[in-house]
Number of protein chains: 2
Amino acid sequence: MTANAAIFATQSCEICPIRYRAVCARCERDELAELESVKIYRRYAAGQTVSWAGDRMDMVASVVSGVASLTQQMEDGRTQMVGLLLPSDFLGRPGREVAAYTVTAASELLLCCFRRKPFEELLRSNPRIAGRLLEMTLDELDAARDWLLLLGRKSAREKIASLLTILARREAALNLRQPEGRIAVDLPLTREAMADYLGLTLETVSRQMSALKRDGVIELDGKRRVVIPLFGRLVSESGDDADGGPLS
Amino acid sequence: MTANAAIFATQSCEICPIRYRAVCARCERDELAELESVKIYRRYAAGQTVSWAGDRMDMVASVVSGVASLTQQMEDGRTQMVGLLLPSDFLGRPGREVAAYTVTAASELLLCCFRRKPFEELLRSNPRIAGRLLEMTLDELDAARDWLLLLGRKSAREKIASLLTILARREAALNLRQPEGRIAVDLPLTREAMADYLGLTLETVSRQMSALKRDGVIELDGKRRVVIPLFGRLVSESGDDADGGPLS
DNA sequence: CGCAATATTGACAAGCGTCAACTTCGGTGG
DNA sequence: CCACCGAAGTTGACGCTTGTCAATATTGCG
């Protein structure tokens with residue numbers, strides 16, 4: 001992780017907003033105390049790069065608040081987002097020296113960082129942390145597989161509807177609710193970042209957002225806030241079957 | 001895992017072809033003996049379904065030989081492959097009751113199966129198995145992220161070249177070699193399965209295979225064997241930068 | 001040898017990308 | 001408080017890549 005990140009004073013794990021969803025979720029009080037002594041908070045401004053593909057990676061981290069994106073680039077500049085990290089998600093790969101992807105703060109971002117080597121030691125010694133990381137990695141793999149379906153088989157309109165559905169579900173999950181009826185969703189991504197997520201151009205994203213608005217599926221409140229008058233309607237536009245699954 | 005699979009006699013783990021790559025790779029002799037007493041081999045014919053999305057999943061398994069595919073389907077029938085499991089890959093998700101994807105034998109397939117519940121107990125008690133599974137899951141997540149780039153940003157021609165490159169690398173890895181110069185690769189997939197992997201139609205796959213042949217990038221020896229006169233040429237057609245990485 | 005499954009090829013159309021002009025937003029400084 | 005400016009977003013015209021539908025060829029198996 002590179003410089004320019006503001007470093008903040010350590011705060012108590014007990015009152016941490018991601019206490020029960022992050023990699024430390026299963027830890028007991030005494031284990032938290034151990035983590036607390038070695039963690040470092042880092043804050044990044046929207047748009048700032050957290051680390052470049054190819055950089056040495058000496059840290060792993062949890063996203064405390066904000067949104068980070070992982071992206072991959074081809075030589076000619078074509079860009080694909082390959083990870084969208086929301087609060088409680090884990091960043092970094094134990095056992096890897098060199099970052100495989102570029103990490104960018106999509107919005108203001110707060111990370112809870114650990115030095116990689118000591119964290120790897122914890123993974124070996126603490127089955128609660130190792131088990132939770134395995135579970136989170138399996139969840140991420142499932143999410144990646146849904147993303148494969150989105151990229152490989154969905155139309156531009158379905159892709160947009162799917163992304164809005166995902167964001168609505170994650171936002172609702174933080175409030176321990178199911179999304180339904182009329183809801184508002186924050187869009188922490190620019191049109192270009194949405195395009196990189198969806199394998200589209202930003203022009204196509206813009207056109208399909210306009211089309212969904214014209215058809216009454218969404219309303220725009222500024223550029224970065226979307227109101228969904230009827231959540232079920234959006235889901236049916238996404239091409240997925242209704243429920244959203246009993247997963248997680 | 002459903003019926004119709006032939007069940008074979010237990011064979012020694014010591015001489016297993018995937019001994020040093022599978023989930024059991026780090027186990028010691030005595031641990032292998034424990035696994036040996038509970039494993040069951042199952043064999044499936046090409047085209048046979050191993051398990052349907054939504055089925056109860058009471059087993060997990062390692063692919064011993066052959067190829068299995070994981071696929072996801074939309075209500076209207078659009079199909080996307082979301083996993084291609086080759087020898088040593090792990091099948092199933094500890095902690096999940098119900099299969100999320102349909103598993104099909106793409107070629108003749110031999111699985112080394114364990115009942116899920118006892119395997120979950122092993123994960124808790126045996127850090128060698130848990131650690132290896134975490135490592136394999138992280139590798140799969142990386143592979144899925146490369147796949148996202150392929151689906152989101154590559155042309156049909158680049159997609160085909162990428163798939164052939166992946167298969168060549170995996171086949172070479174089994175023989176502990178680096179692919180280079182003139183090599184032959186088995187194609188364990190039909191044109192339709194290739195299309196499902198690549199997010200294309202089978203017609204586009206067929207056309208691009210013909211184009212690569214016309215341009216001298218590949219030669220066809222029957223439908224299911226591809227000769228690559230110059231591996232580097234194929235890689236440059238794939239859109240990836242040369243090396244293929246020091247990964248794994 | 002014949003049939004069904006698999007693969008190839010062609011003609012055409014649709015969806016999305018490209019290039020370009022224009023508009024809106026949001027923050028800064030006068 | 002408002003005017004200005006650059007960044008972000010929208011819209012239009014057009015063309016290319018890939019999908020669709022259909023006919024034909026090839027393969028492998030009984």
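What's counted below: heavy atoms across the whole structure, side chains too, no hydrogens, waters or symmetry copies.
Within 4.0 Å of A:Ser206, counting heavy atoms only, lies at least one base atom of the nucleic acid.
Between the side chain of A:Arg191 and the backbone N or O of A:Leu202 there is no donor-acceptor pair closer than 3.5 Å. In this structure, the side chain of B:Thr79 does not engage the main chain of B:Gln73 through any donor-acceptor pair within 3.5 Å. Side chain of B:Lys159 to main chain of B:Tyr197: no donor-acceptor pair is present (N/O by atom type, distance under 3.5 Å, no hydrogens or angles). When atom types are taken as modelled, the side chain of B:Thr102 and the backbone of B:Ala53 share a donor-acceptor pair closer than 3.5 angstrom. Side chain of A:Lys223 to backbone of A:Leu187: no donor-acceptor contact under 3.5 angstrom is found.
With hydrogens and angles left out, the side chain of A:Arg224 and the base of D:dG9 share no donor-acceptor pair within 3.5 Å. Below the 3.5 angstrom threshold, one finds no donor paired with an acceptor across the side chain of A:Glu203 and the base of C:dC16.
By the 4.0 Å N-to-carboxylate-O rule, A:Arg153 lies close enough to B:Asp196 to be salt-bridged with it. Here A:Asp240 pairs with A:Lys154 in a salt bridge; the nearest charged N to carboxylate O distance falls below 4.0 Å. We find that B:Asp186 and B:Arg170 are not joined by a salt bridge, their nearest charged nitrogen and carboxylate oxygen being 4.0 Å or further apart. With respect to the salt-bridge test (charged N to carboxylate O, under 4.0 angstrom), the residues A:Arg207 and A:Glu203 do not qualify.
Computed from coordinates, the A:Gln208 CD to D:dG9 C1' distance equals 15 Å when rounded to whole Å. Atom CE of B:Met209 is separated from atom P of C:dT8 by 7 Å (rounded to the nearest Å). Atom CG in A:Leu212 sits roughly 15 Å away from atom C1' in D:dT10 (whole-Å rounding). B:Asp221 places its CG atom 10 Å from the P atom of D:dG28, with the value rounded to the nearest Å. Between the P atom of C:dT23 and the NZ atom of A:Lys223 lies a distance of 13 Å, rounded to the nearest Å. Per the geometry, CG belonging to A:Leu220 stands 12 Å off P belonging to C:dG26, to the nearest Å.
Contacts between residues 66-85 of chain B and DNA chain C, defined by a heavy-atom separation below 4.0 Å, involve no residue at all. Within residues 184-201 of chain B, the residues having any heavy atom under 4.0 Å from DNA chain C are, by residue number, B:Thr190, B:Arg191. Non-hydrogen atoms lying under 4.0 Å from DNA chain C are contributed by A:Ser155, A:Ala156, all within residues 148-166 of chain A.
Taking CD1 from B:Ile218 and CE from B:Met209, the interatomic distance works out to 4.0 Å, rounded to the nearest 0.5 Å. The CD1 atom of A:Ile40 sits 4.0 Å away from the CE atom of A:Met59 when rounded to the nearest 0.5 Å.
Each of C:dG17, D:dG12, C:dT9 was ranked by its minimum atom distance to the side chain of A:Arg207; first place goes to D:dG12.
Note on B:Thr204: every side-chain N or O is 4.0 Å or more away from OP1 and OP2 of D:dT18.
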